[in-house]
Amino acid sequence: MFAAHLLRSALALAAFAAGPVAAQDLPAPEGEPILTVTGAIGVTNDGDAAVFDRAMLEGLDPVQIVTETIWTDGVQTFTGVPLARLIEAVDAEGAMLSATAINDYAVEIPRSDWVEDGPILAYLNNGTPMSVRDKGPLWVIYPYDDNPDYQTEVVYSRSIWQLDRIEVTD
């Protein structure tokens, strides 16, 4: 199973490492889908959508953010794919992301937040996958402790958890 996971991750990384690719080049998820990206995107794998399982997100060169949050106790280590990298992987051409949770709660995340050293779509908290009960499977985490600009009510409101879909809009 570990070898299959490594192979899927390597294939997903190889597909994205080459830069922008044709829509048919985004591999289909082999595991349970956890994120669907739609809207103004140029790379898809399911009709007009880009559907990702966790292995595909892991293949996008994950990073860690070590920070405190207003929702957790103490310093936490979050692992996930940078939002900017995900948006690049689907060749997004919009100005806004409409990020929606499993319970249909939605927030808007502007292009100004899709930056290097910006937020990530975290799938691990302290090395453990996040269940729906624990704000998973995906949680938008900003590096709150690294940049005081991220310590505002507006940014906190964009830190959507139980994320399962993103629509890229103009």
Determine the minimum heavy-atom distance between [X] and [Y], stating which atoms define it.
X: Val132; Y: Pro137; result: CG2-CD, 4.3 Å
X: Pro62; Y: Tyr123; result: CB-OH, 3.1 Å
X: Ser157; Y: Val107; result: O-CG1, 3.1 Å
X: Ala99; Y: Ile160; result: O-CD1, 3.3 Å
X: Ala50; Y: Val90; result: CB-CG1, 3.7 Å
X: Pro33; Y: Val51; result: CB-CG1, 3.5 Å

Spatial distance of atom [atom1] ([X]) from atom [atom2] ([Y]) [nearest 0.5 Å]:
X: Trp139; Y: Asp134; atom1: CH2; atom2: CG; value: 9.5 Å
X: Asp170; Y: Arg111; atom1: CG; atom2: CZ; value: 9.5 Å
X: Ile102; Y: Arg165; atom1: CD1; atom2: CZ; value: 9.0 Å
X: Glu93; Y: Ile41; atom1: CD; atom2: CD1; value: 11.0 Å
X: Arg54; Y: Glu30; atom1: CZ; atom2: CD; value: 15.0 Å
X: Asp53; Y: Glu32; atom1: CG; atom2: CD; value: 9.5 Å

Kindly indicate whether the side chain of [X], heavy atoms from C-beta on, has any atom under 4.5 Å from the side chain of [Y].
X: Pro29; Y: Asp46; result: no
X: Val168; Y: Val37; result: yes
X: Glu167; Y: Thr38; result: yes
X: Leu121; Y: Leu83; result: yes
X: Leu57; Y: Leu86; result: yes
X: Leu163; Y: Lys135; result: no

Checklist entry - Given the rule in the side chain to side chain contact (heavy atoms under 4.5 Å, CB included) test, do Phe78 and Thr69 qualify, once you have shown the distances and angles that lead to the verdict? => result CA-CA 11 Å; Phe78 295 96; Thr69 80; 3.8 Å; yes
Checklist outcome for this item: The side-chain hydrogen bond (donor to acceptor under 3.5 Å, both in side chains) partners of Ser159 (sequence neighbours excluded) come to Tyr144
Given the rule that I, L, V, M, F, W and Y join up when any side-chain heavy atoms are under 4.5 Å apart, are [X] and [Y] in one cluster?
X: Met130; Y: Leu124; answer: yes
X: Ile120; Y: Val75; answer: no
X: Val115; Y: Val63; answer: yes
X: Ile109; Y: Ile70; answer: yes
X: Trp161; Y: Leu138; answer: yes

Item to check | Listed once per pair and sorted, the salt bridge (charged side-chain N to carboxylate O under 4.0 Å, His left out) pairs that draw on residues 69-86, sequence neighbours left out | outcome: Asp61-Arg85
Checklist outcome for this item: Paired with Ile65, the side chain to side chain contact (heavy atoms under 4.5 Å, CB included) test is passed by just one of Pro82, Pro143, Pro119, namely Pro143
Item to check | Residue from Val155, Asp145, Ile141 passing side chain to side chain contact (heavy atoms under 4.5 Å, CB included) with Tyr150 | outcome: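 When side chain to side chain contact (heavy atoms under 4.5 Å, CB included) is applied between Tyr150 and each of Val155, Asp145, Ile141, only Val155 qualifies.
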Checklist entry - Between Asp117 and Asp146, is a side chain to side chain contact (heavy atoms under 4.5 Å, CB included) present by the stated rule, with each step listed? => result CA-CA 9 Å; Asp117 298 324; Asp146 293 346; over 6 Å; no
Item to check | Worked verdict on Met56 versus Leu26 for side chain to side chain contact (heavy atoms under 4.5 Å, CB included) | outcome: CA-CA 10 Å; Met56 293 171 71; Leu26 182 63; 4.1 Å; yes
Next on the checklist: Check this for me: Asp48, atom CG, are more than 12 non-hydrogen atoms of other residues, nucleotides or ligands nearer than 6.0 Å?
Outcome noted: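 Atom CG in Asp48 is not packed in, count stays at 12 or less.
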Checklist entry - Hey, does the side chain of Asn126 reach the backbone of Thr77 with a donor-acceptor pair shorter than 3.5 angstrom? => result yes
Checklist entry - Does a donor on one side chain sit under 3.5 Å from an acceptor on the other, for Tyr142 and Asp113? => result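 Per modelled atom types, Tyr142 and Asp113 side chains form a pair under 3.5 Å.
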Checklist entry - Going through the checks in order, is the side chain to side chain contact (heavy atoms under 4.5 Å, CB included) test met by Tyr156 and Gln151? => result CA-CA 7 Å; Tyr156 294 143; Gln151 298 172 15; 3.5 Å; yes
